[in-house]
Each structure stands twice: as structure tokens, then as C-alpha cells.
There are 2 protein chains.
Amino acid sequence: MSAINQIAEKTRLSYVTVAEILRGRKGYNAKTCQRVLKLARELNYQPNYLGKALAGGRSMSIGVIISSLDSPIEVGKLKEIEFQASANGYRCYLLTHHSFLFAQPADAQPTLADSLNDLIQRRIDGLMVYVVHPLPREVLAILRKATIPVVHIDWAPPEAQQVIRIERQAALRDLAKHLAGLGHRRAVFHQRAPGRMIQPLQKALRKENLHLEAPPEWSTTGHSPDFETQACALASERFRQGDVPPLLICHLDQAAVGVLAACHDAGLKVPQDISLVGWGGLPCAQTCRPQLTTVREPGVGVGEQAFKWLDMLMRKTKDIAGCTTFAAHLTIASTTGQCAGGIL
Amino acid sequence: MSAINQIAEKTRLSYVTVAEILRGRKGYNAKTCQRVLKLARELNYQPNYLGKALAGGRSMSIGVIISSLDSPIEVGKLKEIEFQASANGYRCYLLTHHSFLFAQPADAQPTLADSLNDLIQRRIDGLMVYVVHPLPREVLAILRKATIPVVHIDWAPPEAQQVIRIERQAALRDLAKHLAGLGHRRAVFHQRAPGRMIQPLQKALRKENLHLEAPPEWSTTGHSPDFETQACALASERFRQGDVPPLLICHLDQAAVGVLAACHDAGLKVPQDISLVGWGGLPCAQTCRPQLTTVREPGVGVGEQAFKWLDMLMRKTKDIAGCTTFAAHLTIASTTGQCAGGIL
DNA sequence: CTGAAAGCGCTAACAC
DNA sequence: GTGTTAGCGCTTTCAG
């Protein structure tokens with residue numbers, strides 16, 4: 001028998017009366033309340049949210065889909081979202097996209113679509129989607145059918161109503177100008193895996209007559225979250241092969257730090273022998289030597305804004321489609337210099 | 001009306017029959033099944049987990065309390081736990097301990113105790129607690145009253161039954177011997193805030209006649225997750241004041257990397273002028289130059305093991321108290337050298 | 001193979 | 001101020 005029933009019995013009150021007192025509704029006899037509350041404490045009464053949610057139609061929980069937790073960029077936003085949610089009485093279901101992170105047969109792995117479905121079945125009140133790359137079509141299909149409020153950060157499907165965009169055009173343009181000004185004409189992109197991040201970069205560089213390549217031998221194949229060491233090993237190997245591009249742009253600061261180590265080991269001077277650009281504006285970009293020229297992604301504020309928006313949607317305060325933008329910024333430091341034209 | 005009812009009406013079957021077919025129970029007429037499933041698809045039927053959980057007594061969700069998300073050590077374990085949970089049909093409620101991370105009046109912040117209570121009210125099936133420092137007594141009181149299975153990683157209250165311990169004694173002893181062998185007699189500990197991590201270290205060092213201090217001026221006061229930059233700034237300031245301890249032990253590799261940068265800026269040679277020890281065995285320890293001597297915390301496997309254990313408890317397969325241990329290991333690299341005895 | 005009835009713990013609407 | 005009744009969507013038990 002449920003605790004409320006027990007209390008109701010002992011106090012000879014009705015179930016509902018007890019329930020309402022417990023829920024904090026005012027207007028009841030003070031003594032009655034005291035008796036009820038005392039008993040509740042003795043029984044260690046814990047209201048059951050499942051029943052509450054079932055009857056009340058709101059689960060007070062949200063889903064947070066986040067593409068990975070491998071860089072502070074993502075983790076920072078997760079933290080903010082979780083904090084805001086918590087402060088507003090919501091709990092977060094975490095959903096990461098690690099389909100490739102662990103070596104397991106692909107068909108044994110639950111897909112993102114399955115997991116999302118699961119969340120919907122749990123009747124989350126809202127969903128936060130923070131991904132850099134487009135979501136698989138099955139996932140989009142689910143999103144379309146579900147009627148819960150969704151706020152996207154960064155990438156969003158065309159039909160999305162609520163989006164927090166990350167504007168990188170200006171930063172990329174600045175970067176291109178900066179590099180062109182140093183005499184660079186050719187750049188190599190070091191990436192984790194072929195991705196879409198490269199296209200806007202390529203476009204921006206082309207406007208300044210800079211040619212960007214992303215040759216497979218500069219692409220990391222593994223899927224470990226250890227960007228630094230992977231990049232270091234890869235770059236060391238490239239350098240050993242005599243492949244020293246005058247300008248290397250890395251997909252993440254952590255990777256650039258790894259390359260920096262490889263340069264050190266190979267006796268290459270940065271930026272005299274090779275120029276290096278990072279991505280993210282992470283702390284490590286400031287504490288490596290030389291300091292990294294990098295594109296700083298927006299940090300503090302994004303997650304908070306995103307949650308506030310979702311909250312509004314969930315309360316149906318407003319239902320307007322909209323789009324807030326946070327901008328990335330170029331940070332010029334010491335890893336970019338005059339093009340070491342002679343080498344290649 | 002619920003989707004099941006609709007289907008039951010149209011097919012002229014009973015509610016329960018439809019529900020069971022939908023739940024995948026075998027033994028029904030094949031044609032009946034097909035009709036039901038077809039309708040379900042048309043109606044985009046999504047079983048309601050809240051009802052399921054309420055009736056079934058299991059919510060298929062677990063709570064994950066994790067002290068912070070500021071270092072890859074913690075995030076890595078979270079990822080593993082989330083992955084394992086997901087693969088076993090459980091969803092994770094994330095709970096971080098950011099009471100101090102955001103500048104807000106303390107009383108406006110939901111406490112960890114409140115959040116934990118909330119999770120219990122949501123009837124999580126199990127709880128994972130991964131904290132380095134002791135939990136507040138209110139939280140422990142809640143844990144004691146609740147009857148859900150709990151698995152602790154690292155710190156655990158004395159009464160805890162299931163604990164994954166992280167054994168650091170041996171590594172600390174090795175570290176102490178290594179440092180003593182280099183002629184060191186005095187060390188300064190650089191930390192984020194006064195904590196308990198220092199005591200075992202102090203003890204281990206004392207056995208080798210090494211004296212460890214943790215003076216407040218080497219302690220970071222802020223609470224930003226940006227260890228590298230903070231440590232760099234702090235160390236720079238200390239060096240400027242002429243405070244160059246012959247041996248500095250940092251509470252985290254990231255902080256050590258920051259100090260390394262400060263050394264570089266101050267013209268101090270590592271390890272000739274100052275020896276540096278990190279903590280964690282993070283990727284950045286391998287990609288800074290010189291590479292960090294560090295205490296490598298156990299990484300891959302801990303989260304997985306922890307979840308497997310929790311899973312066993314939740315299924316009540318076994319109920320034995322127990323304790324698995326993962327060990328930390330000393331990694332000797334290039335930031336520790338002969339004591340620069342002359343300076344102080 | 002199918003169905004009826006009771007109950008999980010809670011809320012909402014309305015009566016007294 | 002307090003009680004009654006119905007229902008949220010699902011599972012379980014037992015009867016046919």
C-alpha cells in the first residue's frame with residue numbers, strides 16, 4: 001500500500017486530502033497538516049514522479065542529444081544545460097552518439113534513433129539537440145513525427161523552428177585574410193574524419209586564393225577521444241616522410257597541440273618552418289608554446305540560452321520560430337607566420 | 001484515448017490482447033498480429049514508459065552522480081557508463097555537482113541532496129556515484145534511507161557495500177621513491193582548492209623524507225573549469241615573486257601544462273630549474289614538451305565494470321558486497337630531474 | 001488463443 | 001476544509 005494510503009488510514013482522512021497536503025496545498029487545518037507531515041517524515045514518504053507524470057501529463061525531464069563528449073566545447077554546453085535544467089526542476093537524460101567509440105559489432109549497438117525513440121516513450125517534455133554534423137534521416141523522421149519542443153544548437157535540419165546558430169563565416173573570412181596576408185597559398189586540413197566542417201572553411205579560403213586540401217594521409221582513422229596523441233603520432237609520421245606542408249589547419253586545438261609536439265620532436269620551428277591553426281579556442285591553445293592561432297568557438301552562454309528557449313517552448317509562453325546566433329572569433333597568436341614557401 | 005484503445009476498437013480485440021501483441025508476446029494469431037502492428041504504425045504508437053514503469057515497478061533508468069565534468073578522467077567514465085547503460089536498455093539521468101561553478105546566490109541553488117531526492121522520486125532503478133571527495137552528510141542520509149542499489153567509484157562512505165576503488169598507494173610510493181632518488185626533500189602542491197587528495201600523497205612522500213607543503217598562494221581560488229590558464233597565471237605570478245620551488249606537484253595534468261607554459265615564459269628550464277609532476281595521465285601529458293611525469297589514473301574499463309556491477313545488483317543476480325580495484329600507475333617522463341638544490 | 005478485473009501512485013473536477 | 005469519483009497507460013492475474 002502506498003504511503004499516502006497508510007497516512008490516510010492512520011489520520012482517518014481521505015486519500016486526496018493527504019495527497020494535497022503533501023503537495024503543499026494551503027487552506028487545510030494546521031493541526032491536520034502537522035499530523036500528516038509528521039507521519040510522512042516517519043514513513044520517509046517520497047512522492048512518485050512516475051505517477052505524477054502519468055497523471056499530470058508532464059514528466060519534467062528533457063533529453064540532451066550531444067554528438068560527443070570528447071572536447072570541452074561540447075562538455076561545457078552540456079554542463080550549462082544540465083545546470084539550467086536542474087535549476088528549473090527538470091532532469092536531463094543524456095544521449096551521446098558513441099556508435100563508433102567502442103569496438104563492437106555495429107548491429108549489436110543501439111542506434112541513436114532507438115535511443116531517441118526510447119526518450120520519447122519516456123515522455124520527455126523537450127529535447128535539446130547539439131550536433132555538428134547532420135543527423136541520420138531516421139532520426140529526423142522521428143523528430144518530425146514527435147510533437148515535443150526541440151531546440152537545436154549548431155546544425156539543424158531545414159525544417160527546424162528553433163535554432164541556436166553558430167556563425168563562423170566572419171571568423172573564417174578573417175582567418176583567410178590573415179593567412180593570405182602572410183603569403184600562404186596552400187593549406188592542408190588535419191581532421192579526425194571526413195566531415196562537413198571543411199566546406200565553409202574551403203570556401204572562405206578560396207576567396208583569398210588559398211587552396212585547401214584534406215588528403216587522406218592527414219586524416220586520423222581511429223576513433224579514440226585522444227586527439228592530442230593521435231595527431232602527434234600522425235604528424236610525426238608525415239614529417240618523417242618529408243611531408244611538411246607550409247600551413248596546417250587542425251580540426252581541434254587539441255590536435256594542433258599534438259602536432260606542435262611532433263614539430264618539436266622533428267626539429268621544425270613554428271611558425272618559421274610550418275604554420276599551424278587550431279580550432280576551438282580551448283584553454284590548451286593558450287598554454288602551449290608558441291600559443292595557437294585558432295578560431296574560438298562560442299562558449300559560456302550558449303547552453304544557458306538554449307535551455308531558456310526550450311523552457312519557453314515547454315511552457316508554451318511563446319511559440320515563435322526563431323534563431324539566435326553566437327559567433328566564433330579568430331584569435332591570432334604565434335603559430336602562424338610568413339609562408340615557408342621554400343619547402344614544397 | 002490511448003492508442004491501444006483505438007487499435008482495440010478498430011480490430012474489435014480487447015485492450016489486453018492488443019497490448020500484449022504490441023509488447024511482442026508470441027502465440028497470437030498471425031493475422032491478428034499483423035493487423036494490430038499495421039494500425040500501430042499508422043497511428044505512430046509509442047508505448048508510454050511512465051505507465052509501464054508505474055505498473056511494472058522498474059523505470060529502466062539510473063542516476064549518475066559525477067563530481068564534475070572538467071577533466072577527461074571524469075568524462076571518460078561518464079561516457080562508458082552511458083554507453084553500457086544504453087546498451088542494456090537503461091537511460092541515464094546526469095547529475096553534476098556544480099554548486100560552485102556558476103555565480104549564483106548559494107540559497108538559490110538546488111543542492112545535490114535535492115537533486116538526488118528528485119531522482120529517487122523518479123524511481124531510478126540504481127545509482128552510480130563517482131566522486132573524489134566525501135559527499136555531504138545530507139546526501140549520505142538520503143542514500144542510507146533509499147533502498148536502491150548503489151555502486152560507488154573512488155570515494156565511498158564506510159557503510160557502502162559496492163565500491164570500485166582506485167588504488168593509488170603503490171603509485172604514490174613509486175613517485176616518492178623516484179623523487180627522493182633525484183635528491184628532492186621538499187615539494188609544493190599546486191591544487192585547485194584544499195582537498196583530501198593531498199593526504200595520501202603527503203604520507204607517501206614523508207616515508208621517503210620528502211616534505212610536502214600546500215601553501216595557499218599555490219592554490220587556485222576561482223572555480224572555472226579552465227585549469228590550464230588558471231595554473232599558468234598563478235605560476236607566472238609566483239615566479240615573478242621569486243617563488244620557484246624546486247619541485248611542484250600539480251593536482252591535474254592540465255594544470256601542470258599551464259605551469260609548464262609559465263616556466264617557458266619565465267625562462268625556467270624544466271627539469272633543470274624546477275621539477276614538475278602532473279596527475280591523471282591525460283593525453284596532454286604526452287603531448288607537452290618536455291613530457292610530464294605523472295600519476296596515471298585508471299581509464300578505460302572502470303565505467304564499464306561499474307555499470308556491469310550495478311546491473312547485477314539491479315537484477316538481484318547477486319547481492320554480495322564487494323570491491324574491485326583499479327590501480328593508478330606512475331609514468332616517469334621528462335619533467336622530473338635532479339633537485340635544483342641551490343635555489344631555495 | 002483471448003478477455004475481464006484490479007491495481008501501480010498520482011491528479012483533476014466537482015460535490016458536500 | 002474535506003471527500004468522491006474518474007482516469008492517466010500500462011501490467012498482472014486469473015478465468016475462459
Side-chain angles (χ1 to χ4, degrees), chain A residues 1-37 39-40 43-61 89 117-125 147, chain B residues 1-37 39-40 43-61 89 117-125 146-148:
Chain A
M1 186 186 352
S2 86
I4 292 194
N5 271 313
Q6 288 182 45
I7 299 178
E9 237 174 40
K10 287 201 190 166
T11 55
R12 316 201 60 184
L13 293 166
S14 87
Y15 180 96
V16 174
T17 306
V18 174
E20 299 213 300
I21 290 177
L22 251 24
R23 220 183 315 153
R25 180 155 156 180
K26 305 202 322 181
Y28 286 94
N29 187 317
K31 282 202 175 171
T32 315
C33 290
Q34 288 198 352
R35 282 199 309 154
V36 168
L37 293 174
L39 276 173
L43 291 170
N44 190 28
Y45 168 68
Q46 296 278 24
N48 184 327
Y49 241 90
L50 296 172
K52 206 178 263 213
L54 189 57
R58 306 187 345 148
S59 68
M60 293 307 283
S61 60
N117 240 316
D118 188 303
L119 287 191
I120 288 172
Q121 294 174 186
R122 284 159 195 265
R123 299 298 188 264
I124 49 173
D125 294 330
T147 53
Chain B
M1 187 185 353
S2 86
I4 292 195
N5 271 312
Q6 289 182 45
I7 299 178
E9 237 175 40
K10 287 201 190 165
T11 55
R12 317 202 61 186
L13 293 166
S14 87
Y15 180 95
V16 175
T17 306
V18 174
E20 299 214 299
I21 290 178
L22 251 24
R23 220 183 319 150
R25 181 156 156 178
K26 308 201 320 182
Y28 285 94
N29 187 317
K31 281 203 176 171
T32 315
C33 290
Q34 287 198 354
R35 280 201 308 155
V36 169
L37 293 174
L39 276 173
L43 291 171
N44 190 26
Y45 167 68
Q46 296 279 24
N48 185 326
Y49 241 90
L50 296 171
K52 207 178 262 215
L54 190 56
R58 303 185 348 146
S59 68
M60 294 307 282
S61 60
N117 240 316
D118 188 302
L119 287 191
I120 289 172
Q121 295 175 187
R122 284 159 194 264
R123 298 298 187 266
I124 49 173
D125 294 330
T147 52
I148 51 171

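Throughout, protein chains are lettered first and strands after them, A, B, ... in sequence-line order, and every chain is numbered starting at 1.
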CZ of R23(B) to NZ of K52(B), rounded to nearest 0.5 Å, is 7.0 Å

Mind checking what makes salt bridge (charged side-chain N to carboxylate O under 4.0 Å, His left out) contact with D125(A), not counting sequence neighbours? none

Minimum side-chain heavy-atom gap R122(B)-M60(A) below 4.5 Å: yes

Taking only residues two or more places apart in sequence, or in another chain, which ones meet S14(B) in a side chain to side chain donor-acceptor pair (under 3.5 Å)? T17(B)

Using a 4.0 Å heavy-atom cut-off, does R12(A) contact any base of the nucleic acid, only the sugar-phosphate backbone, or nothing at all? sugar-phosphate

Nearest 0.5 angstrom please: K10(B) NZ to N5(B) CG, how far? 12.5 Å

Considering residues at least two apart in sequence or located in another chain, which fulfil the side-chain contact (heavy atoms from CB on, under 4.5 Å) criterion with A146(B)? I120(B), I148(B)

Counting side-chain heavy atoms from C-beta on, which of dC10(D), dT11(C), dT4(D) comes nearest to A55(B)? dC10(D)

For atom NZ of K26(A) and atom P of dT2(D), their distance in whole Å: 15 Å

When the distance from CD1 of I4(A) to C1' of dG9(C) is rounded to whole Å, what number comes out? 7 Å

Interatomic distance where CD belongs to Q6(B) and P belongs to dG9(D) [whole Å]: 10 Å

Q121(B) side, atom CD; Y45(A) side, atom OH - distance, nearest 0.5 Å: 8.0 Å

I want to check one thing: is the phosphate of dT11(D), taken as OP1 and OP2, less than 4.0 Å away from some side-chain N or O of Y49(B)? no

At 4.0 Å (heavy atoms only), tell me whether Y15(B) reaches a base, stays on the sugar-phosphate, or touches nothing. base

Could you tell me how far apart R35(B) (CZ) and dT2(C) (C1') are, to the nearest whole angstrom? 13 Å

Rounded to the nearest angstrom, tell me the gap between atom CG in L13(A) and atom P in dT4(D). 11 Å

Between CG of L54(B) and P of dC10(D) the distance, given in whole Å, is 12 Å

DNA chain C-proximal residues of residues 16-25 of chain A, any heavy atom under 4.0 Å: V16(A), R23(A)

Applying side chain to side chain donor-acceptor pair (under 3.5 Å), name anything that partners Y28(B), two or more places apart in sequence or on another chain. E20(B)

Does the side chain of T32(B) get closer than 4.0 angstrom to OP1 or OP2 of dT2(C) through an N or O atom? yes

Closest to the Y45(A) side chain, choosing from dG9(D), dC10(D), dC10(C): dC10(C)

Of all heavy-atom pairs between S59(B) and R123(B), which one has the smallest distance, and what is that distance? OG-O, 2.6 Å

Which helical stems does DNA chain D take part in, if a stem means at least 3 consecutive Watson-Crick or G-U pairs with both distances below 3.5 Å? C:1-16 with D:1-16

I'd like to know if the side chain of T11(A) and the backbone of V36(A) have a donor-acceptor N/O pair within less than 3.5 Å. no

Rounded to whole Å, CE of M60(B) lies from P of dG9(D) at a distance of 22 Å

So what does L50(A) touch, heavy atoms closer than 4.0 Å: a base, only the sugar-phosphate, or nothing? nothing

Check every atom of dC1(C), dT4(D), dC10(C) against the side chain of Y28(B) and return the nucleotide holding the closest atom. dC1(C)

Send over the distance from Q121(B) CD to dT11(C) P, rounded to a whole Å. 11 Å

Per atom distances to the K52(B) side chain, the nearest of dC10(C), dT11(D), dG3(D) is dT11(D)

